[in-house]
Q: 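A single structure is presented below for examination.
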Amino acid sequence: MKDFEHLVFDMDQGVATLTFHRPKALNALNAALLAEFSQALRDIEDDESIRVLVLTGAGDKAFVAGADITELATFNPLQARKFSRLGHQAIGALQDLPIPVIAAVNGYALGGGCEIALACDFVYASENAQFGLPEINLGIIPGFGGTQRLPRLIGKNMAKELIFTGKMIPASEAREIGLVNRVLASDSLLAETAKTARSIAQKGKVSLRAAKHAVNTGTDADLATGCAVEVDAFALCMASEDAKEGTGAFLDKRKPSFDGNRDA
Ligand code: DAK
């Protein structure tokens, strides 16, 4: 993993943690951070030892407070295009990462920051976290998939209310509408997220990848197509060492030890 200016990388027991690190600007996304984020995701995908990724923000105030408005305001159309492409590449790569990704939202997750959380597999949040898509207040709309991922997750009308008003909602409300899985005290957010991440890291790479692929592909398709994706993903699992190990361990009455090849 390369050294980054705006990201901190950490690895423990198969769980990688990537921390957005521009604390003076509440970890806002500028072009340099987005480019580093894309690179980091490529490095993580290439590293077979990483089983789960956790994303969080530096400091106790923000996960990511959105696009860097200071930089955004200076963009000419070509720079805006480049920024847009960088963002879409990064968020697409995040959603398609073959390992599970958990967002540990430790404060403001606004605009692009909320959209990053939406592209993760699920979200844990601290009690002081705030979520929102405030782009409407800047005369723009969400540009990193928020108009698409938010309604798919919480429903069309709830999403429209958040997008049209640009209001922020606290973690407790985000939990009620299904944007957040768990709300935790600020000082236990990372430890609890790591606990879940480590438990997932013990599972088989092939089956995790297959499950993520089936859920993500299937929820964007009709039921019959989704079930067809599941059929193939299931067949892929059965060709893996992990399936032999998992079923064998059950029959032998022992704990399975999964270390199968992710690309099997
Ligand atoms: N950008 C730049 N700096 C930011 C920032 C941001 N998004 N958010 C906060 N900061 C900076 C503040 O300017 C301040 O800097 P100094 O004045 O100390 O130098 C410092 O962080 C601390 O912030 P505050 O003093 O404002 O802290 P408060 O606790 O009073 O308020 C806040 C926290 C999060 C409520 C407030 O900072 C805030 O409203 N921030 C802006 C939130 C926001 O509107 N975010 C942008 C959403 S729009 C695109 C695709 C996607 C996007 C754009 C284009 N394309 C496809 C082209 C995405 C757009 C967005 O994300």
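Just follow the structure's listing: the first ligand is 1, and inside any ligand the first atom is 1.
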Q: Which residue and atom name correspond to the protein heavy atom nearest atom 25 (O) of ligand 1, and how close is it?
A: K61 NZ, 4.9 Å
Q: State if K24 counts as touching ligand 1 under the rule of any non-hydrogen atom under 4.0 Å.
A: yes
Q: Does G87 have a heavy atom less than 4.0 Å from any atom of ligand 1?
A: no
Q: After noting the C-alpha distance and the side-chain angles of R42 and E45, does the key distance pass the salt bridge (Lys or Arg N to Asp or Glu O under 4.0 Å) rule?
A: CA-CA 5 Å; R42 282 194 290 275; E45 184 163 1; over 6 Å; no
Q: Heavy-atom contacts with L138 under 4.0 Å: which atoms of ligand 1 show up? List them by number with element.
A: 48 (S)
Q: Centres of the F83 and F144 rings: under 6.0 Å?
A: yes
Q: Does N27 reach the main-chain N or O of T19 with its side chain, forming a donor-acceptor pair under 3.5 Å?
A: no
Q: Should R149 and Q95 be marked as a side chain to side chain donor-acceptor pair (under 3.5 Å) after you check the CA-CA gap, both sets of side-chain angles, and the distance that decides it?
A: CA-CA 11 Å; R149 289 192 184 90; Q95 176 171 292; 2.6 Å; yes
Q: Could you tell me the separation between the CG atom of L189 and the CZ atom of F63, rounded to the nearest 0.5 Å?
A: 10.0 Å
Q: Under the side-chain contact (heavy atoms from CB on, under 4.5 Å) criterion, do L55 and I116 qualify, and how do the steps go?
A: CA-CA 9 Å; L55 296 182; I116 287 179; 3.8 Å; yes
Q: Any idea which atoms of ligand 1 are less than 4.0 Å away from a heavy-atom of P134?
A: 43 (C), 44 (O), 47 (C)
Q: Report, in ascending order of atom number, the atoms of ligand 1 lying under 4.0 Å from any heavy atom of D68.
A: 1 (N), 2 (C)
Q: With a 4.0 Å cut-off on heavy atoms, is R81 touching ligand 1?
A: no
Q: Mind checking whether F37 and F4 have ring centres under 6.0 Å apart?
A: no
Q: Could you check atom 41 (C) of ligand 1 against the protein and tell me its nearest heavy-atom contact, residue, atom and distance included?
A: I69 CD1, 3.9 Å
Q: Taking 4.0 angstrom as the limit, do D242 and K203 come out as a salt bridge?
A: no
Q: Looking at atom 57 (C) of ligand 1, what's its closest protein heavy atom, distance included?
A: S84 CB, 3.7 Å
Q: Looking only at protein heavy atoms, identify the closest one to atom 35 (C) of ligand 1 and say how far it is in Å.
A: M168 CE, 3.7 Å
Q: Under a 3.5 Å cutoff, is there a donor and acceptor pairing between the side chains of N157 and E161?
A: no
Q: Counting from 1, what ligand 1 atoms have a heavy atom of G112 closer than 4.0 Å?
A: 60 (C), 61 (O)
Q: Only heavy atoms count here, so choose which of G66, P142, A67 is nearest to atom 7 (N) of ligand 1.
A: A67
Q: Which protein heavy atom lies closest to atom 8 (N) of ligand 1, and at what distance to 0.1 Å?
A: A65 CB, 3.7 Å
Q: Can you list the ligand 1 atoms lying under 4.0 Å from a non-hydrogen atom of G143?
A: 50 (C), 51 (C), 56 (C)
Q: Identify the protein heavy atom lying closest to atom 39 (O) of ligand 1, giving its residue, its atom name and the separation to 0.1 Å.
A: L110 CD1, 4.8 Å
Q: Should E71 be listed as contacting ligand 1, given a heavy-atom distance under 4.0 Å as the test?
A: no
Q: For the side chain of K167 and the backbone of L133, is there at least one donor-acceptor N/O pair under 3.5 Å apart?
A: no
Q: With side chain to side chain contact (heavy atoms under 4.5 Å, CB included) as the test, pick out the partner of L72 among I140, N30, L29.
A: I140
Q: Distance to 0.1 Å, residue and atom name: give those for the protein heavy atom nearest to atom 4 (C) of ligand 1.
A: A25 O, 3.8 Å
Q: If you have a sec, work out which protein heavy atom is nearest atom 23 (O) of ligand 1 and how many Å separate them, to one decimal?
A: L26 CD1, 3.7 Å
